[in-house]
Amino acid sequence: MPTSNPDELANRFIQITDDLAYAKTFYPKSKTTEYLNGLAATLHQSIYKNKSEKGNRFITFWKYELPLLFKEHQKELLYSFIFFAVFTALGFFSAKYDDTFVRLILHDDYVDMTNANIAKGDPFGVYKQSGEFTMFVEIAANNIYVALVNFVAGIAFSVGTVVYLFQNSVMLGAFVGLFFNKGLGIQSIMVIFIHGTLEMLSFVIASAAGLVLGNSLLFPKTYSRLASLKKGAKDGMKMAIGLVPIFLTAAFFESFVTRHTGMPVWLSISILSSSLLFIIWYVIIYPNLLSKRQKPYARKD
């Protein structure tokens, strides 16, 4: 029996949860317990949906909604990371054993410029070619654009996303392989991944968003294909848009920090480690902890 009275709605929720607690204690496997659990979940959703929206909507999105999406789509995140690792390794070893491969992927002008910088004793001079703020705006805009394109490409049954991920990953592998061939491997990691840790792992997440979109078409499950596509598009878009602050942070590092190639090793390692730990915590650990807290209201189908 629907009601528009918030006090009555809250009273019903309290009564149902009391009954549910009793049923779970004495009749944990009964049909009545399942039924009460479903009612409690429905009432909880009604209360949440009807409550007034507060000014901290953006905080709520990144604190709860986005992490729970990561938990829901952890398989796509795993597949995206596996693709990324395999494609990057392919680019790295191809560059290591075939000099022409680097020029094919990175083009002659870029390779020649990098070789010239290495000869001058400034192998990472490419990060010093323009002003900090201009570089920040250009890099941030480009990375956000590429991430969104990567997501939208998933509409081609996930194949488009995998193709974009292949291109970016092979390019990264070839780029790092170029420096390893010059005996600058460790130094390149200490410099490039100051910003690259957040940047590349964000592309992995954007690719996972594309897989969510594509898989919603391929595997609609119990939904109609149109309903599944709408859900996949909504979830994937939230995942892609949620990366904007991370891309801005990565662009800041690349524009204002990476150019200082002579910084102490401990500082480089600190930035690298902090970035990696943040992604692991926010995308894997925190969503799992948050999901466990949500389970009392989850309906058992």
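When a residue number appears, it is its place in the shown sequence, counting from 1.
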| More than 12 non-hydrogen atoms from neighbouring residues, nucleotides or ligands closer than 6.0 Å to CZ on F256, yes or no? | yes
| request: Could you check E72, K75, E76 and say which one makes a side-chain contact (heavy atoms from CB on, under 4.5 Å) with V212? | output: E76
Heavy atoms only: give me the nearest [X]-[Y] pair and the separation to one decimal.
{"X": "S207", "Y": "S80", "result": "CB-OG, 3.2 Å"}
{"X": "S274", "Y": "S270", "result": "OG-O, 2.7 Å"}
{"X": "P67", "Y": "L290", "result": "CB-CD2, 4.1 Å"}
{"X": "V176", "Y": "S188", "result": "CG1-OG, 4.3 Å"}
{"X": "Y110", "Y": "F175", "result": "OH-CE1, 3.2 Å"}
{"X": "T114", "Y": "P123", "result": "CG2-O, 4.4 Å"}

Look up atom [atom1] in [X] and atom [atom2] in [Y], then write down how far apart they are to the nearest 0.5 Å.
{"X": "W62", "Y": "I246", "atom1": "CH2", "atom2": "CD1", "value": "10.0 Å"}
{"X": "I269", "Y": "F193", "atom1": "CD1", "atom2": "CZ", "value": "14.0 Å"}
{"X": "L201", "Y": "L276", "atom1": "CG", "atom2": "CG", "value": "6.5 Å"}

Please check if [X] and [Y] belong to a single hydrophobic cluster, counting links between Ile, Leu, Val, Met, Phe, Trp and Tyr side chain heavy atoms closer than 4.5 Å.
{"X": "L277", "Y": "V257", "result": "no"}
{"X": "L218", "Y": "F151", "result": "yes"}
{"X": "V163", "Y": "L148", "result": "no"}

Looking at the rings of [X] and [Y], which for Trp means the six-membered one, are their centres under 6.0 Å apart?
{"X": "F180", "Y": "F92", "value": "yes"}
{"X": "F124", "Y": "F179", "value": "yes"}
{"X": "F203", "Y": "F247", "value": "yes"}
{"X": "Y127", "Y": "H195", "value": "yes"}
{"X": "F101", "Y": "Y97", "value": "no"}
{"X": "Y22", "Y": "F26", "value": "yes"}

Checking the side chain of [X] only, and the main-chain atoms of [Y] only, is there a donor and an acceptor separated by less than 3.5 Å?
{"X": "N37", "Y": "T33", "result": "no"}
{"X": "S255", "Y": "F136", "result": "yes"}
{"X": "R103", "Y": "D99", "result": "no"}
{"X": "S275", "Y": "L198", "result": "no"}
{"X": "R259", "Y": "S130", "result": "yes"}
{"X": "T88", "Y": "A85", "result": "no"}

| query | Would T161 and S158 count as having a side-chain donor-acceptor pair, cut-off 3.5 Å? | reply | no
| task | State whether a side-chain donor-acceptor pair under 3.5 Å links N181 with K96. | result | no
| message | K128: which residues meet the salt bridge (charged side-chain N to carboxylate O under 4.0 Å, His left out) condition with it, sequence neighbours left out? | response | D122
| task | Verify side chain to side chain contact (heavy atoms under 4.5 Å, CB included) between N168 and V146, making sure each step is shown before the conclusion. | result | CA-CA 10 Å; N168 289 321; V146 172; 4.0 Å; yes
| message | Could you walk me through whether L229 and L213 satisfy the side chain to side chain contact (heavy atoms under 4.5 Å, CB included) test, starting with their C-alpha distance in whole Å, then the side-chain angles of each, then the deciding distance to 0.1 Å, before giving a yes or no? | response | CA-CA 7 Å; L229 176 60; L213 177 61; 3.8 Å; yes
